[in-house]
Colleague: 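First the structure, then my questions, so here it is.
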Number of protein chains: 2
Amino acid sequence: MARASYHHGRLRETLVAHGVLLLAQKGIEGLSLRTLARKAGVSPAAPYRHFKNAQALAEAIAAEGFTRLRSTMLATMADPLLAGRTPLERIGMGYLSFAQRHPDHFQLMFSGRVCPDPGQPESALHQAGQAAFQALTDTIVEAQRQGLVAADVSPAELAVVSWSFIHGFATLLLAGFLDPQELNPGLSQAELADACQKLIRRGWGQKSTPKPRRR
Amino acid sequence: MARASYHHGRLRETLVAHGVLLLAQKGIEGLSLRTLARKAGVSPAAPYRHFKNAQALAEAIAAEGFTRLRSTMLATMADPLLAGRTPLERIGMGYLSFAQRHPDHFQLMFSGRVCPDPGQPESALHQAGQAAFQALTDTIVEAQRQGLVAADVSPAELAVVSWSFIHGFATLLLAGFLDPQELNPGLSQAELADACQKLIRRGWGQKSTPKPRRR
DNA sequence: GAAATAATGTTGACAGTGAACACATTAAAT
DNA sequence: ATTTAATGTGTTCACTGTCAACATTATTTC
């Protein structure tokens, strides 16, 4: 931890890296600029040479979260154990997996502590978020090519819908609003996710165009 | 603000009420126990007689948020201006309306500052949240009765899916991830929401039973 | 290569915060 | 009426984000 030279050399990355760890250990409330400076072996004022304020540091940590979320989703896409799943199922599982393994990081990314006004759409946070979103859009295009998803709807719309659903599902799960057995018909999380996914694919509207009844 | 008697009398409610206001003015970061005590004209230690700590106060404010969210949804349900909309559209509009008019309150309710572990499912927060959720479930049952929603799916499942979607949509909207015109085909928020809603009702799966091609 | 300049880190201070303690005042119960 | 519980006060502590003045080093420029 202790360093020889007066300058740290890689303080910015070190702060973000320790931020990710501290977040996992102490949660969002436990994340403090001073603590991170201490862990980096640096004075409390040093971080201000790299970040305008504590929120900017939190934004950088959140941006790193989006990068990792994207990596997790891509890894899940390539996981041979999930070969039987459709691309959209796989990427959704990646999203959920990240949210559940790094709940505090996930919450920070969307907690409003970050990016309150979209005045700076060029921020690293926005870019990292859009990159993750792009992975989802790419997956949808691929699913359309494979004939797994309706091809007559714009990928962007489909991406908005699927991201909205999976994000809401993850958030409500983390917040504990989907746990009680009273409301769910005693399903495990995987079963519930699966049921929802099937329901979405099918649509929940009344079957207004009565298909030729199978029987 | 100043009071005559030594005891405040309704400190708890006063703190929560001022909390809602302060939240709207200063955002989540600006919400502090001491400031609320000051606004209530009371010493910094007084709130601790009513709340175990600052987080418990935040939870009470969040619970109040769920109560108001439920009220907003019910009001939207009854709004005569929206008579042409289906019940699910109306309640979704109520949800979005609350999220956009009280973004900080909405974020607090799901920000993880609140209810980290579901060890206390009896908390007021959980109860208020479940009451809001119940309004949604009721609406779905009603929509099923009206034949607007597939009746062969459990209302609980439909409620999970619709709550997940609308919550995710609201969150991404607030976080600014749905704004850039690059990704959306230049739609207004209302148009986007409408397109998503239609898409969900129809389902996004490949039309496995190909309708007679129009041309 | 030496000097000027920019980048980066330090020290010390300040106000604001959550929290705890002993104590004061009032309401409620006996 | 007296005891007891509930509620509010004053004070203190450790911690936090932030800043200004200063110190050290890296980088550029002559």
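Keep in mind that this is a model prediction, so the values were computed, not measured.
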Colleague: Go through the structure and list residues passing side chain to side chain donor-acceptor pair (under 3.5 Å) with A:Ser43, not counting sequence neighbours.
Modeller: none
Colleague: Dump every N/O contact between nucleotides 17-19 of chain C and the protein below 3.5 Å, one line per pair.
Modeller:
from, atom 1, to, atom 2, distance (Å)
C:dT17, OP1, B:Ser32, OG, 3.4
C:dT17, OP1, B:Thr35, OG1, 3.2
C:dT17, OP2, B:Arg38, NH2, 3.3
C:dG18, OP1, B:Leu33, N, 3.0
C:dG18, OP2, B:Leu33, N, 3.1
C:dG18, OP2, B:Arg34, N, 3.0
C:dG18, N7, B:Arg34, NH1, 2.6
C:dG18, O6, B:Arg34, NH1, 2.8
C:dA19, OP2, B:Tyr48, OH, 3.3
C:dA19, OP2, B:Ala54, N, 2.7
C:dA19, N6, B:Arg34, NH1, 3.3

Colleague: Hey, is the side chain of A:His50 poking within less than 4.0 Å of OP1 or OP2 on C:dA7, counting only N and O atoms?
Modeller: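 So the side-chain polar atoms of A:His50 never come under 4.0 Å of the phosphate oxygens OP1 or OP2 of C:dA7.
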Colleague: Whole-Å distance between D:dG17 C1' and A:Glu29 CD?
Modeller: 15 Å
Colleague: Between C1' on C:dA20 and CZ on B:Arg49, what's the gap in Å once rounded to a whole number?
Modeller: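 Result: 10 Å.
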Colleague: Could you pull out all residues at least two apart from A:Lys198 that satisfy salt bridge (charged side-chain N to carboxylate O under 4.0 Å, His left out)?
Modeller: A:Asp194
Colleague: Apply side chain to side chain donor-acceptor pair (under 3.5 Å) to B:Glu89 and list each qualifying residue two or more places apart in sequence or on a separate chain.
Modeller: B:Arg85, B:Thr86
Colleague: How close or far is atom P of D:dT7 from atom CZ of B:Phe51, stated in whole angstroms?
Modeller: 12 Å
Colleague: Rounded off to whole Å, could you give me the CZ-to-C1' distance for the B:Arg10 and C:dA27 pair?
Modeller: 17 Å
Colleague: Check residues 71-78 of chain B and write down every donor-acceptor pair under 3.5 Å in which the side-chain atom is one partner and the other belongs to a residue at least two apart or another chain.
Modeller:
from, atom 1, to, atom 2, distance (Å)
B:Ser71, OG, B:Thr67, O, 3.2
B:Thr72, OG1, B:Arg68, O, 2.9
B:Thr76, OG1, B:Thr72, O, 2.7

Colleague: Between B:His105 and B:Phe98, how do the two ring planes meet: parallel, tilted or perpendicular, split at 30° and 60°?
Modeller: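 Tilted, since the angle between the ring planes falls between 30° and 60°.
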Colleague: Can you name the residues that form a side chain to side chain donor-acceptor pair (under 3.5 Å) with A:Gln100, not counting sequence neighbours?
Modeller: A:Gln189
